[in-house]
Amino acid sequence: MGDSPARVFVTGAGIVAPLGTGGDAFGVALREARLGLTVRAVAGVGGRAAPECLAGHVVGFSPAEALGRSGIRNLSRESAMFAAAGRAAANDASLDGRVEPEQVGVFAGTMFAGLEEYAALYDAGIEDPSWRVGPGRGPQTGFNAPASELSIRLPARGPNLTVTTGRASALDAVAQAATYVAQARADAILAGGVDALSPAVLDAVRCSGDASVPGEGAAAFVVERRPPPEGGILCEIAGWAAAATPQEAIADVLGSAALRPEEVDAVFCSIAGDAAADAEEAAALARSLPGTPVHAVKGATGECFGAGGAFQVAAAIASLRHDVVPATVRLEALAGGPELTKEPVRTRVQHTLVIASSEGSAAAVVLAKTGGAA
Amino acid sequence: MQRVVVTGLGVVTSIGTGLEEFWAATLAGRVGTGPVEDFSRDGVMSDRAGLVRDFDARDHIRVLDCDGLSRSVQFAVAAARMASDDAGLNGGREAAGTCFGTVVGNRPAYEQSRGGAAPNWYDGSLLARAPARELGLRGPAVTLPTACAAGNSAISHSFDLIASGRRDVMLAAGADEVSRAMHMMFNSFRALAPDVVRPFSLNRKGLILGEGAGVLVLESLEHARARGARVYGEVLGHGNYSDGYHMTAPHPRGAGAVKSMEAALRMAGVDAHSVDFVSAHGTGTPSNDVVEAAAIRQVLGDHTDGVAVSSTKSVLGHPQGAASAIEAVTCLLAIRDQVVPPTANFEAPDPECAIPVVVGAPQERKVRIALNNAFGFGGNISCVVFGAPPGDG
């Protein structure tokens with residue numbers, strides 16, 4: 001966990017978010033304190049639909065525009081978004097031709113990939129006396145469909161992983177990718193997360209009783225050991241940790257990055273607006289990193305589940321590049337938790353700590369500025 | 001780097017719940033797949049499944065309320081409890097976590113109530129969290145839903161956590177239940193066998209869905225020796241490469257399979273000539289078996305004819321995310337007892353699958369190194385190498 005001597009970098013990013021598509025658009029929207037929530041109906045699969053709801057909807061995403069017209073007919077929404085984000089990240093890092101496909105892996109975090117597809121497949125099949133369902137959509141019922149689709153499209157023939165650990169999913173994927181790359185099990189890994197709004201996901205949110213406003217999207221980052229000689233490094237992954245609790249994750253990631261708490265310039269947390277889900281992480285941050293500016297990106301995007309941690313990473317990268325910790329919109333600090341940024345904090349941002357946690361799992365990374373003074 | 005050993009095993013399967021019942025049935029080639037009334041309808045090419053029968057979660061689960069748990073989570077928790085007892089763990093005192101692989105997680109619970117009151121059908125992370133809660137383990141609790149490679153993925157991830165010193169003990173596992181949706185899906189691929197699963201055999205027709213759970217207690221050698229734990233064997237290495245080819249069809253030359261097996265052997269520091277037992281993915285489909293056989297021959301070369309190959313799916317059907325975990329249990333028991341179980345239902349050799357499959361009776365032989373293969377949809381592939389207990393002869 002970051003104790004290998006190899007250094008690990010992020011060299012490309014691809015984002016499909018309620019705040020816009022593309023890393024720059026996302027960062028600009030955060031700095032302008034824009035809210036990515038709208039009221040829209042949610043389409044499902046096979047005619048399933050959910051009524052209008054307030055959420056971080058990704059508006060105007062076209063799989064055909066992002067991926068081309070062929071081979072997209074059977075893609076789930078989450079597979080399409082993750083493939084688009086991954087493709088964009090790979091382009092951003094100029095991976096094609098630079099790294100062999102056998103050395104490129106894909107690691108995806110998700111909570112609900114395939115959930116809507118499973119429900120729709122079952123609903124359709126059970127109405128048919130012979131249980132007939134179309135063969136094309138079956139594989140999209142899998143949690144692993146987004147990671148697999150991206151690996152086929154790039155192509156990426158290195159290690160392939162899907163992880164589902166609640167809100168920690170995407171950061172777990174990034175932390176795992178850093179481990180694999182540091183140990184030279186792959187030269188580059190597309191790591192991130194995805195989830196899509198759907199009737200099934202909205203049902204799940206309702207059943208879970210989670211009070212946060214939901215959202216959707218995908219983000220992927222190219223994690224590699226040997227960045228292109230001509231530059232193009234977005235940041236360094238200076239430390240990473242996967243743990244059982246947020247307190248443990250913070251301690252482990254600071255150890256991994258050889259950083260003292262006071263050296264952390266900004267925190268990008270997974271606080272989303274549900275007091276019960278947020279409480280442990282909020283308390284851990286208040287205890288371990290008092291006084292450090294804390295940004296909650298989910299104020300702007302909603303709780304994006306498998307993509308949440310990836311959006312936190314995107315926000316952290318933007319802050320490293322522009323030396324500003326954006327204001328948190330919409331969300332208020334929890335009792336016993338840290339203050340969330342109310343105004344943009346303009347300061348030299350050298351080290352950011354990104355943390356996400358759910359019951360049973362917490363992950364954290366330290367992202368550091370590169371290309372300037374260490 | 002810590003060495004990683006296996007100190008406890010637990011299984012819930014269609015041929016037995018509990019280690020010795022399962023193993024006796026496996027060695028006898030007793031087939032656990034059979035007709036399922038619900039699956040018997042015109043136009044569905046097979047009515048078969050490998051269901052877990054005579055299983056009462058209350059016999060095994062001591063802390064959690066069984067009524068709130070889906071079938072797959074019941075399997076997971078029960079097998080975890082069995083493995084923990086088998087390892088003599090005290091629960092909570094060790095720095096221990098869980099890592100569970102799965103294909104569909106809790107989603108089959110949707111089928112009973114169409115999303116209404118289904119117990120947590122949407123929460124895949126429960127597969128790993130519920131066992132951790134049952135046993136009072138500190139965590140982390142990680143679910144890896146990497147299709148049919150999932151059990152081996154969980155073993156690989158757990159190995160990494162222990163080898164790096166992050167955890168002393170991990171429960172590495174896989175769990176899944178039979179569902180109508182997956183039966184519908186495989187029916188749509190025309191991939192189901194109408195009678196039984198015949199891995200690597202001429203006239204094989206396809207797979208049959210199965211269910212259950214397999215749990216391995218992985219532990220650092222240092223920790224195991226300090227508490228005098230019994231050691232089944234050692235986890236020597238793993239390899240995980242993707243076909244990057246197609247969502248359901250394997251790469252025609254088994255590219256990902258070859259790379260994963262080679263990578264696992266390389267990490268294990270084991271030469272191809274040392275492999276004794278190959279626990280094949282062996283689903284019994286025309287496509288998997290021919291590609292896998294060729295890949296095994298490519299990796300093992302002229303040593304291929306000296307190994308013993310077997311597929312536990314011949315008796316279990318395909319227990320999905322539990323498959324490679326249960327098959328890992330098979331590897332460890334093969335090492336313990338120096339015997340390779342037969343592949344059931346074998347009719348005749350297929351010239352396109354020219355690998356030495358054990359058929360008929362179990363084969364007593366030296367088993368010090370076992371290679372466990374798992375090939376999933378979307379090209380998710382994971383291979384694990386097991387070895388005899390350290391210090392053994």
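Order of the sequence lines sets the chain letters (A, B, ...), proteins ahead of strands, with each chain counted from 1. Side chains included, hydrogens not; waters and symmetry mates left out as well; all remaining heavy atoms used.
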Where is the tightest heavy-atom contact between [X] and [Y], given as atom of each residue plus distance?
{"X": "B:S125", "Y": "A:G166", "result": "CB-N, 4.3 Å"}
{"X": "B:Y122", "Y": "A:C207", "result": "CE2-CB, 3.6 Å"}
{"X": "A:T165", "Y": "B:T143", "result": "CG2-N, 4.1 Å"}
{"X": "A:Y118", "Y": "B:R107", "result": "CE2-O, 3.5 Å"}
{"X": "A:S151", "Y": "B:G378", "result": "OG-O, 4.1 Å"}
{"X": "A:P155", "Y": "B:G244", "result": "CB-O, 4.0 Å"}

* **Enclosure of A:R132 CZ (heavy-atom neighbours >12, cutoff 6.0 Å)** => no
* Other residues, nucleotides, ligands: >12 heavy atoms within 6.0 Å of B:R253 CZ ->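 Counting other residues, nucleotides and ligands, CZ of B:R253 stays at 12 neighbours or fewer.
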Tell me, side chain or backbone of [X] under 4.5 Å from chain A's heavy atoms, or both, or neither?
{"X": "B:N187", "value": "side chain"}
{"X": "B:R167", "value": "side chain"}
{"X": "B:A132", "value": "neither"}
{"X": "B:V103", "value": "backbone"}
{"X": "B:D160", "value": "side chain"}

* Asked: Backbone N or O of A:N160 within a donor-acceptor pair of the B:N380 side chain at under 3.5 Å?
  ->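 Confirmed, B:N380 side chain pairs with A:N160 backbone.
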* To do: State whether the side chain of A:S130 and the backbone N or O of B:D42 hold a donor-acceptor pair below 3.5 Å, judged by distance alone.
  => yes
Out of curiosity, [X] [atom1] to [Y] [atom2], how far, rounded to the nearest 0.5 Å?
{"X": "A:T164", "Y": "B:D123", "atom1": "OG1", "atom2": "CG", "result": "7.5 Å"}
{"X": "B:L126", "Y": "A:E359", "atom1": "CG", "atom2": "CD", "result": "8.0 Å"}
{"X": "A:D123", "Y": "B:Y110", "atom1": "CG", "atom2": "OH", "result": "3.5 Å"}

Determine the option with the most heavy-atom pairs under 4.5 angstrom with chain A, choosing from [options].
{"options": "B:P145, B:G379, B:S188, B:G165", "answer": "B:P145"}
{"options": "B:M185, B:M184, B:R129, B:H251", "answer": "B:M184"}
{"options": "B:G139, B:G43, B:A181", "answer": "B:A181"}

* Asked: Quick one: side-chain contact (heavy atoms from CB on, under 4.5 Å) partners of B:A323, sequence neighbours excluded?
  ->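 In terms of side-chain contact (heavy atoms from CB on, under 4.5 Å), with neighbours along the sequence ignored, B:A323 is linked to B:K313, B:H318, B:P319, B:E327.
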Side chain, backbone, both or neither: which part of [X] has an atom under 4.5 Å from a heavy atom of chain B?
{"X": "A:R185", "result": "both"}
{"X": "A:A119", "result": "both"}
{"X": "A:S358", "result": "neither"}

Under a 4.5 Å cut-off applied to non-hydrogen side-chain atoms, are [X] and [Y] in contact?
{"X": "A:T245", "Y": "B:R138", "result": "no"}
{"X": "A:P129", "Y": "B:R41", "result": "no"}
{"X": "A:L161", "Y": "B:L144", "result": "yes"}
{"X": "A:L115", "Y": "B:W121", "result": "yes"}

* Asked: Can you name the residues of residues 149-157 of chain B that have some heavy atom under 4.5 Å away from a heavy atom in chain A?
  ->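 Contacts with chain A: B:H157.
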* **Interface residues of residues 256-267 of chain B facing chain A - heavy atom cut-off under 4.5 Å** =>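 Within residues 256-267 of chain B, near chain A: B:K259, B:M267.
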* Contact listing (chain B partner; residues 138-146 of chain A; heavy atom under 4.5 Å) -> A:G138, A:P139, A:Q140, A:T141, A:G142, A:F143, A:N144, A:A145
* Could you walk me through whether B:Y241 and A:E102 pass side chain to side chain contact (heavy atoms under 4.5 Å, CB included), step by step? => CA-CA 8 Å; B:Y241 284 85; A:E102 280 69 20; 5.8 Å; no
* Asked: Do you know which of A:G136, A:A113, A:G105 has the most heavy-atom pairs with chain B at a distance under 4.5 angstrom?
  ->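 It is A:A113.
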